[in-house]
Amino acid sequence: RKEVEQDPGPFNVPEGATVAFNCTYSNSASQSFFWYRQDCRKEPKLLMSVYSSGNEDGRFTAQLNRASQYISLLIRDSKLSDSATYLCVVNMEYGNKLVFGAGTILRVKS
Amino acid sequence: NAGVTQTPKFRVLKTGQSMTLLCAQDMNHEYMYWYRQDPGMGLRLIHYSVGEGTTAKGEVPDGYNVSRLKKQNFLLGLESAAPSQTSVYFCASIGSAYSNQPQHFGDGTRLSIL
């Protein structure tokens, strides 16, 4: 089983749609969680951290479910510019390192 | 305001050649990482360093060596390049691994092995 798993997609949605991505992680002792965004052939960039109580940043909402070991990202009112690959990232307890999911591709179409 | 700088940005090698990728950061970060990214596989950790003079193996260390002689630099070496090492390589750094700080990434190095 992979340490961090994501649905690869692609998710093809029209502008204005609401889309949700889920991610599961294997290590119950994982300490911190992030969503990164990666545009084609570019470096990953932090989209938002994920907090236990859930957090929102504009059209983006992230949630963490420790009991089920998954995190989610909800994007409301999708824009063309949201088209990218979204990476789920988990800071495992051991090794001082982040583990990346393979990413979920989102394509927003007009 | 450089952040993390990787050199070179592109390189084509022949099988068996050697080369070194350089990662430099100007944020005084303790932790530095080398990843490779292949289609459909996400970022996989090659080696990482938790401070000057230290290195550790990641998920896919075979065929690579690293050095961290200076805090600001993390070098990734390929002693004898193989076609399987064709990939995009990203370097990243972070001030503290046990916090909600994000990793800062370089622009990537696109390496092709013929």
Side-chain angles (χ1 to χ4, degrees), chain A residues 1-10 21 23-27 29-55 57 60 62 64 71 84-105, chain B residues 2-6 9-10 21 23 25 29-51 54-61 66 68 74 87-112:
Chain A
R1 180 185 174 188
K2 291 183 180 178
E3 292 180 294
V4 178
E5 294 200 70
Q6 296 181 248
D7 181 344
F21 308 137
C23 164
T24 58
Y25 59 93
S26 61
N27 188 337
S30 298
Q31 295 191 341
S32 51
F33 310 87
F34 309 89
W35 283 102
Y36 277 69
R37 170 192 169 129
Q38 186 174 27
D39 294 290
C40 187
R41 301 177 69 81
K42 300 280 190 179
E43 76 277 17
K45 293 184 178 178
L46 179 70
L47 178 66
M48 58 195 305
S49 300
V50 186
Y51 301 113
S52 296
S53 56
N55 48 298
D57 182 2
F60 299 85
L64 167 65
I71 67 174
T85 298
Y86 291 83
L87 304 172
C88 172
V89 185
V90 178
N91 189 349
M92 302 289 176
E93 177 190 31
Y94 52 88
N96 302 321
K97 60 183 188 279
L98 300 182
V99 179
F100 286 76
T104 298
I105 298 170
Chain B
V4 179
T5 302
Q6 290 183 232
K9 295 197 183 323
F10 304 93
L21 281 64
C23 176
Q25 52 93 5
H29 283 170
E30 289 291 338
Y31 300 88
M32 296 186 74
Y33 307 81
W34 274 108
Y35 295 91
R36 61 177 288 174
Q37 187 173 33
D38 303 292
M41 300 200 66
L43 278 79
R44 292 183 292 167
L45 183 63
I46 304 171
H47 286 279
Y48 63 103
S49 169
V50 300
T54 73
T55 63
K57 293 181 180 180
E59 180 186 356
V60 288
V66 288
R68 184 99 180 267
F74 194 29
S87 188
V88 180
Y89 292 84
F90 287 103
C91 175
S93 72
I94 191 171
S96 169
Y98 290 100
S99 72
N100 274 337
Q101 293 182 26
Q103 285 190 338
H104 296 259
F105 281 86
D107 292 342
T109 295
R110 284 156 182 79
L111 185 61
S112 294

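Heavy-atom basis, side chains included; hydrogens, waters and symmetry copies ignored. Sequence lines set the chain letters: A, B, ... in the order given, protein chains first and strands last, and positions in each chain run from 1. Since this is a predicted model, take the numbers as computed values, not measurements.
- The two residues B/F90 and A/K42 make their nearest non-hydrogen contact at CZ-O, 3.5 Å.
- Side chain of A/Q6 to main chain of A/Y86: a donor-acceptor pair is present (N/O by atom type, distance under 3.5 Å, no hydrogens or angles).
- Residue contact with chain A, scored on non-hydrogen atoms closer than 4.5 Å, involves the side chain of B/L45 exclusively.
- Neither the backbone nor the side chain of B/R44 has a heavy atom closer than 4.5 Å to any heavy atom of chain A.
- For B/Q37, the part lying under 4.5 angstrom from a heavy atom of chain A is the side chain only.
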Discussion item. What verdict does the side chain to side chain contact (heavy atoms under 4.5 Å, CB included) test give for A/C88 and A/W35, after you've listed the backbone C-alpha separation in whole Å, the side-chain angles of each residue and the deciding distance to 0.1 Å?
Written reply: CA-CA 5 Å; A/C88 172; A/W35 283 102; 3.7 Å; yes
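- Considering every non-hydrogen atom in both A/A84 and A/D39, the closest pair reads CB-OD1, 3.6 Å.
- Proximity to chain B involves both the backbone and the side chain of A/P44, based on heavy atoms less than 4.5 angstrom apart.
- Interface check for chain A: of the options B/A92, B/A56, B/G106, the most heavy-atom pairs under 4.5 Å are formed by B/G106.
- Put simply, the side chain of B/Q25 does not reach to within 4.5 Å of the side chain of B/H104, judged on heavy atoms.
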